[in-house]
Amino acid sequence: AQVLNFTRDPVPEAVSGDMHNLNQLSAQQFSALTDVLFRFLTEPKEVERFLTQLSDFATVNKISLGPLKNIVKSILLVPNGALKRNLSSEQVRADFIALGLSEEKASYFAEQWKVNSPTLTRLAVGQTLMINQLIDMEWKFGVTAGSSELEKVGSIFLQLKLVIKKGSRMENVYIELTLPQFYSFLHEMERVKTSLESFS
């Protein structure tokens, strides 16, 4: 069995067929679909808009909506798992190739992941904190020594450990952020704090 980064569980049977269907799309179609997906991932509340955009995509490209929704479900497995495990774009690319997506398409998706993942990380943390009570937080700085993404070598990153209360149990959430990501995360938290204060 293949070892994937985004999950340790077996992947649903249908995924390889969906990846095969994705490979049939032209580069232009694939990039349009990827745009729709990332817009949904960065604005997850906009479900109506997402479904409208999917059905428009299906109509324009003469694809049935049913199979398209299945394809989308299969693609979304990767970013959802990648967020939980804080994967790099290189790992996301490797996972898509392992699942059967062509190198060209996997590389394109990974590039988009690189651009969007800071926003997605902030969203995920923001949602976690809004739903659960933050009990404790630790952080430490580190410097990247070696990396497959060369420009990251020697750059400073911050490791956060959040201890949150989910119902009656405690859970640790680990996040790794580069300094620019950390500053935008701080900015986001300030905004959450302000909006929460306006309610109280």
Side-chain angles (χ1 to χ4, degrees), residues 1-47 49-51 53-58 61-128 131-132 147-149 152 164 166 169 171-177:
Q2 65 212 65
V3 177
L4 296 163
N5 297 299
F6 78 93
T7 181
R8 292 287 170 266
D9 302 325
V11 176
E13 290 286 307
V15 171
S16 63
D18 290 331
M19 293 298 152
H20 175 74
N21 291 335
L22 265 178
N23 286 333
Q24 311 302 310
L25 297 181
S26 70
Q28 193 182 353
Q29 288 171 324
F30 184 74
S31 87
L33 183 60
T34 305
D35 286 349
V36 170
L37 287 177
F38 274 107
R39 186 171 290 180
F40 173 58
L41 284 168
T42 50
E43 296 178 23
K45 291 191 180 76
E46 300 285 345
V47 178
R49 182 183 68 190
F50 176 55
L51 292 173
Q53 287 177 331
L54 276 188
S55 80
D56 290 350
F57 181 88
N61 297 292
K62 300 182 175 49
I63 304 169
S64 326
L65 189 55
L68 179 65
K69 281 184 177 171
N70 291 338
I71 289 175
V72 165
K73 230 184 267 178
S74 289
I75 302 179
L76 288 176
L77 287 173
V78 178
N80 285 334
L83 260 185
K84 289 188 182 116
R85 292 168 179 266
N86 211 0
L87 300 186
S88 69
S89 56
E90 197 44 58
Q91 289 171 306
V92 167
R93 177 177 175 274
D95 276 359
F96 271 117
I97 291 171
L99 291 173
L101 193 61
S102 71
E103 291 215 5
E104 187 188 341
K105 288 185 168 68
S107 299
Y108 180 80
F109 194 96
E111 275 307 306
Q112 298 306 306
W113 174 257
K114 202 177 194 171
V115 173
N116 287 284
S117 62
T119 309
L120 295 175
T121 302
R122 290 204 310 277
L123 272 174
V125 174
Q127 281 172 334
T128 304
I131 303 165
N132 307 289
S147 163
S148 54
E149 294 168 17
K152 279 192 173 173
I164 56 171
K166 276 193 167 175
R169 61 192 180 85
E171 193 174 296
N172 295 339
V173 179
Y174 296 93
I175 312 159
E176 209 165 274
L177 300 167

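For the pair Leu120/Pro79, no side-chain contact is recorded, criterion being any heavy-atom separation below 4.5 Å from C-beta on. Here the side chains of Phe40 and Val47 are in contact, with some heavy-atom distance below 4.5 Å. Side-chain contact between Val72 and Phe57 is absent, with no heavy-atom pair separated by less than 4.5 Å. Proximity of Arg93 to Lys114: side-chain heavy atoms (C-beta onward) are nowhere separated by under 4.5 Å.
Residue Glu46 places its CD atom among more than 12 non-hydrogen atoms of other residues, nucleotides or ligands, all under 6.0 Å distant. Within 6.0 Å of CD in Gln28 there are 12 or fewer heavy atoms belonging to other residues, nucleotides or ligands. Counted within 6.0 Å of CZ on Arg85, heavy atoms from surrounding residues, nucleotides or ligands total more than 12; the atom is thus considered enclosed.
Scanning all heavy atoms of the two residues, the minimum distance from Asp9 to Thr7 falls at N-OG1, 3.0 Å. Closest approach of Thr119 to Thr42, counting heavy atoms only: CG2-CG2, 4.1 Å. Looking at every heavy atom in both residues, Phe109 comes nearest to Val92 through CD2-CG1, 4.1 Å. Asn70 and Asp18 make their closest contact through O-OD2, 3.3 Å (heavy atoms, listed as atom of the first residue, atom of the second, distance). Smallest separation of non-hydrogen atoms from Leu99 and Met19: O-CG, 3.5 Å. Among all heavy-atom pairs drawn from Ser55 and Leu65, the shortest one is CA-CD1, 3.7 Å.
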Evaluate Phe6 against Leu83 for side chain to side chain contact (heavy atoms under 4.5 Å, CB included), listing each step before the verdict. CA-CA 8 Å; Phe6 78 93; Leu83 260 185; over 6 Å; no
Intermediate values then yes/no, side chain to side chain contact (heavy atoms under 4.5 Å, CB included), Asn116 and Leu41: CA-CA 9 Å; Asn116 287 284; Leu41 284 168; over 6 Å; no
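Residue Thr34 holds its OG1 atom at 12.0 Å from CD of Glu111, rounded to the nearest 0.5 Å. Here the straight-line distance linking atom CG of Leu22 with atom CZ of Phe96 works out to 8.0 Å at 0.5 Å rounding. Rounding to the nearest 0.5 Å gives a distance of 10.5 Å between CG of Leu77 and CG of Leu4. Taking CD1 from Ile63 and CG from Asn21, the interatomic distance works out to 9.0 Å, rounded to the nearest 0.5 Å. Atom NZ of residue Lys105 and atom CD1 of residue Ile75 lie 10.5 Å apart, to the nearest 0.5 angstrom. Separation of atoms CD (Glu90) and OG (Ser107) is listed at 8.0 Å; rounding is to 0.5 Å.
The main-chain N or O of Gly100 is found under 3.5 Å from a side-chain atom of Asn23 such that the two form a donor-acceptor pair. Checking side-chain atoms of Ser64 against main-chain N and O of Pro67 turns up no donor-acceptor pair under 3.5 Å. A donor-acceptor pair under 3.5 Å is formed between the side chain of Trp113 and the backbone N or O of Leu87. Under the 3.5 Å distance criterion, the side-chain polar atoms of Gln91 are matched with a main-chain donor or acceptor of Ser88.
Side-chain contact of Asp95 with Asn5: a donor-acceptor pair under 3.5 Å is present, judged by distance alone.
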